[in-house]
Novice: 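Sharing a structure below in structure tokens format, with a few things to ask.
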Amino acid sequence: MPETLVPNPSPEALRGLRVLITGAARGLGAEFAKAVIQSGARVVLADVLAPEGQALATELGERAHFVSVDLRSSASTQAMVEQAAQWLGGLDAVINNAAITNSGGVALQDLSESVWDDVMAVNVRAPWLVSKFALPFLEQSPHARIVNLSSDTALWGAPNLMAYVASKGAVMAMTRSMARELGAKGITVNAIAPGLTLVEATQYVPAHRHEHYMKGRAIPRAQVPDDLSSAVLFLLSPASGFITGQVIPINGGFVMN
Ligand code: NAD
């Protein structure tokens, strides 16, 4: 049954929660893993970057575990979800965070079909597959959550990034459809749509573009991972139990809808 709202969740709100985070070897996924563990959860970090993911899991301690996966492969994805559920003793939440941005700076007429296919495989097909393989475990959880990573580029239509933007639009649509399918099972499905955030993966973005985003925000400062982690913690917590099918843009007011 869906949960009732619990006001003012404590920092202990995620104690014992069993969480799988894809793409957690670096960047936002790594920051989410740290925040979720600090809130009392146990986390499986899944990534194709094995040495980095393993090192991070070791650093995070006994409540973290790394599982290697190539999300382009269905077999690898299924094996990863099963290993994650085995280590955690079940699954309460999945954060579909892994993605690639191969198409940055490329005009649509120059975009290759293989790049399009890769972007769609990692950014759209993989969140579906991870959720599908996680479903039998989530169904057993009294507190099941799926959080998908979209992007505000899909809200304002960033140019020369078309495959990525299309994939993140698909994540928004998929979130709504999944929410309707899974709500009666007590599983909430939501997405966050971040604006440009300061992480390793966005260092390639020229300084003048960072400046452009900053000036366009109602809150004119750089966006940092903590701006997103707090929303992820909320979506995993009991306090968000009646919120589902929603896309939460987090961008300091760069896009308002
Ligand atoms: P990132 O590149 O640092 O992280 C992505 C992770 O996914 C990496 O660890 C990478 O190894 C992993 N990954 C990629 N392909 C994989 C595969 N085939 N199998 C397994 N793992 C794979 O990027 P990030 O900026 O931390 O982005 C995290 C999420 O946030 C993404 O979904 C991204 O689209 C979204 N997002 C980021 C920003 C931003 O400004 N950083 C803005 C909007 C949305």
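Remember, it's 1-based here, ligands and their atoms both numbered in the order they're listed. We're numbering straight along the sequence, starting at 1.
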Novice: Is the closest side-chain heavy-atom distance between L182 and L135 below 4.5 Å?
Specialist: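 In contact.
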Novice: Let me have the donor-acceptor pairs involving side chains of residues 195-205, under 3.5 Å, with sequence neighbours excluded, atom names and distances please.
Specialist:
from	atom 1	to	atom 2	distance (Å)
T197	OG1	G195	O	2.8
T197	OG1	Q223	NE2	3.2
E200	OE2	R26	NH1	3.4
T202	OG1	T197	O	2.6
T202	OG1	V199	N	3.2
T202	OG1	V199	O	3.0

Novice: Contact between E31 and L228 at the side-chain level, heavy atoms closer than 4.5 Å - yes or no?
Specialist: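 Side-chain contact under 4.5 Å: no.
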Novice: Determine which pairs satisfy salt bridge (charged side-chain N to carboxylate O under 4.0 Å, His left out) with at least one residue from residues 100-111, sequence neighbours left out, and list them in order.
Specialist: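 Counting only pairs at least two positions apart or across chains, no salt bridge (charged side-chain N to carboxylate O under 4.0 Å, His left out) contact touches residues 100-111.
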Novice: Do any nitrogen or oxygen atoms of ligand 1 lie under 3.5 Å from a protein nitrogen or oxygen, and which ones?
Specialist:
from	atom 1	to	atom 2	distance (Å)
ligand 1	2 (O)	R26	NH2	2.8
ligand 1	3 (O)	R26	NE	2.8
ligand 1	3 (O)	R26	NH2	3.4
ligand 1	9 (O)	D47	OD1	3.4
ligand 1	9 (O)	D47	OD2	2.6
ligand 1	11 (O)	D47	OD1	2.6
ligand 1	18 (N)	D70	OD1	3.0
ligand 1	19 (N)	L71	N	2.9
ligand 1	21 (N)	V48	N	3.4
ligand 1	26 (O)	L28	N	2.8
ligand 1	32 (O)	N97	O	2.7
ligand 1	32 (O)	K168	NZ	2.9
ligand 1	34 (O)	Y164	OH	2.5
ligand 1	34 (O)	K168	NZ	3.0
ligand 1	40 (O)	T197	N	2.7

Novice: Which Ile, Leu, Val, Met, Phe, Trp or Tyr residues join Y164 in one cluster when any pair of side-chain heavy atoms under 4.5 Å counts as a link?
Specialist: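 Grouped by the 4.5 Å side-chain rule, L161, V165 form the rest of the cluster around Y164.
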Novice: Which residue is it: T175, N190, N97? I am looking for the one with a side chain to side chain donor-acceptor pair (under 3.5 Å) to N148.
Specialist: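 So, applying the side chain to side chain donor-acceptor pair (under 3.5 Å) to N148 and each of T175, N190, N97, only T175 qualifies.
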